[in-house]
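Beneath this line is the structure, given in structure tokens, with notes to follow.
In what follows, every heavy atom counts, from backbone to side chain, and hydrogens, waters and symmetry copies are set aside. Ligands are counted one by one from 1 in listed order, and the atoms in each one are counted from 1 as well. Bear in mind that the values here come from a model prediction, so they are computed numbers and not experimental data. The first residue of the sequence shown is numbered 1, and numbering continues consecutively from there.
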Amino acid sequence: MEIRIALPSKGRISDPAVKLLSKAGIGLKDAVNRRLFSETYDDQISVMFTRASDIPEFVADGAADMGMTGLDLIEEKESHVKILEDLHFGRSKLVLAAPEESEVKTISDVKDNSIVATEFPHLTEKYFKNMNIPVKIVELSGSTEIAPFIGVSDLITDLTSTGTTLKMNHLQMVDTILESSVHLIVNPQSYQNKREKIEEIRTGVKGVLDAEGKKLVMMNVDEEVLDEVKSAMPGMTGPTVSQVLSNSGVVAVHAVVNEHEVFHVVNRLKKIGARDILVVPIERII
Ligand SMILES: Nc1ncnc2c1ncn2[C@@H]1O[C@H](COP(=O)(O)OP(=O)(O)OP(=O)(O)O)[C@@H](O)[C@H]1O
Ligand SMILES: O=P(O)(O)OC[C@H]1O[C@H](OP(=O)(O)OP(=O)(O)O)[C@H](O)[C@@H]1O
Ligand SMILES: [Mg+2]
């Protein structure tokens, strides 16, 4: 039972998608010479590389069983796919923007029949329908920011993350239409027929996300201070305590700790009397 995963071939979400899959244990066999199709170290899983914007359609029509791409593109295409996970990278917003000198500062300033340039005609149309404002939409395939300055449109909708591009082009944000990040999607038919393998992939990928920002803290402690140590360890399901055979009266303790708490926790543990403290990176939490 073969599973084919569609990944973005270029652009900013391509490398993180490949890395995430590889951290999940599904590395590409030939990661350097990336071709249209790649085998992975699991002989039931292969990868195909296509444009991020084509992935929703390819997953919907079964050319791929699964895919990783932006929610903006999934919603724009209205493709019949099932969303499995928010992968929390490639965060951006689709926003409505106007030239800085425009009198449009909020959505209520937008005049009927304004012209809006966009790479996202469906999402933009849906947004203005919801707002009950009739507009004319001009579909572009890139560099949308230029449109208001060459007489093509009054407003634009475009993706933004840092806001630098809008600022550089003397545009200001008027409203947010959609918050996006990369999502893991699946073909509904494949999900029925190959659910077990698909769930394994999802678990692997989710394990990587769950491990992000977490460390494994391990140490040796004298048994008599164990209770104090336990109360200082904000463990997930632990801490786990095991016997140190060569040293009676000493136990080994380990627990998963949020990265931002590690400094504080380790200092507390040291004061209590913990020794040989190790802070270890975690690859996956399954
Ligand atoms: N500025 C951004 N910050 C974060 N994520 C973004 C940004 N721009 C786009 N994205 C996300 O990445 C997806 C793919 O966009 P990207 O620009 O990387 O690829 P592309 O437009 O297909 O390629 P290219 O821009 O090279 O033609 C978008 O649909 C969106 O989900
Ligand atoms: O808010 P910022 O951090 O400045 O990012 C926003 C820019 O990023 C995307 O463009 P991209 O770099 O993908 O180029 P493109 O327009 O050619 O797709 C998007 O279309 C904006 O232009
Ligand atoms: Mg782009």
Identified side-chain contact (heavy atoms from CB on, under 4.5 Å) counterpart of E228 within the set I272, L269, V221: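 Option passing the side-chain contact (heavy atoms from CB on, under 4.5 Å) with E228: I272.
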
At less than 4.0 angstrom from any non-hydrogen atom of [X], what atoms of ligand 2 do you find?
X	value
T164	1 (O), 4 (O)
D158	20 (O), 21 (C), 22 (O)
T162	1 (O), 2 (P), 3 (O), 4 (O)
E145	21 (C), 22 (O)
T160	1 (O), 6 (C)

Pairwise side-chain contact, [X] with [Y], heavy-atom cut-off 4.5 Å (strictly under):
X	Y	result
K93	M173	yes
S190	I198	yes
D112	I133	yes

Out of all atoms in ligand 1, which are within 4.0 Å of some heavy atom of [X]? Include the element for each.
X	result
L73	29 (O)
G11	18 (O)
D72	28 (C), 29 (O), 30 (C), 31 (O)
G70	31 (O)
S161	1 (N), 2 (C), 3 (N), 4 (C)

Ligand 2 N/O within reach of G163 N/O, cut-off under 3.5 Å: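 Between G163 and ligand 2 (N or O atoms, distance only) the closest approach is under 3.5 Å.
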
Backbone or side-chain N or O of T165 under 3.5 Å from ligand 2 N or O: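 Yes; the residue has a nitrogen or oxygen that sits under 3.5 Å from a nitrogen or oxygen of the ligand.
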
Can you tell whether the side chains of [X] and [Y] come within less than 4.0 Å, N to carboxylate O?
X	Y	answer
K206	D210	yes
K197	D42	yes
D54	K77	no

G90 near ligand 1 by a heavy-atom separation under 4.0 Å: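 G90 counts as a contact of ligand 1 under the 4.0 Å cut-off.
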
Point-to-point distance, once rounded to the nearest 0.5 Å, from CZ of F120 to CG of D72: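 It comes to 4.5 Å.
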
Side-chain (R91) to main-chain (S161) donor-acceptor, under 3.5 angstrom: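 A pair under 3.5 Å: no.
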
Check: H183 side chain, S181 main-chain N or O, donor-acceptor pair, under 3.5 Å: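 Yes; at least one donor-acceptor contact below 3.5 Å.
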
Option whose closest heavy atom lies nearest to atom 18 (O) of ligand 1, chosen from R91, H183, R12: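 Checking each option, the heavy atom nearest atom 18 (O) of ligand 1 is found in R12.
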
Pick from K10, R51, E119, E76: the one approaching atom 22 (O) of ligand 1 most closely through a non-hydrogen atom: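 Minimum heavy-atom distance to atom 22 (O) of ligand 1 goes to R51.
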
Enclosure of E103 CD (heavy-atom neighbours >12, cutoff 6.0 Å):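 No, because the 6.0 Å sphere around CD of E103 holds 12 heavy atoms or fewer from other groups.
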
Contact check, R12 vs ligand 2, heavy-atom distance below 4.0 Å: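 Yes, that is the case, since the closest heavy atom of the residue is under 4.0 Å from the ligand.
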
Sub-4.0 Å heavy-atom approach of S161 to ligand 2: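 Under 4.0 Å: yes for S161.
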
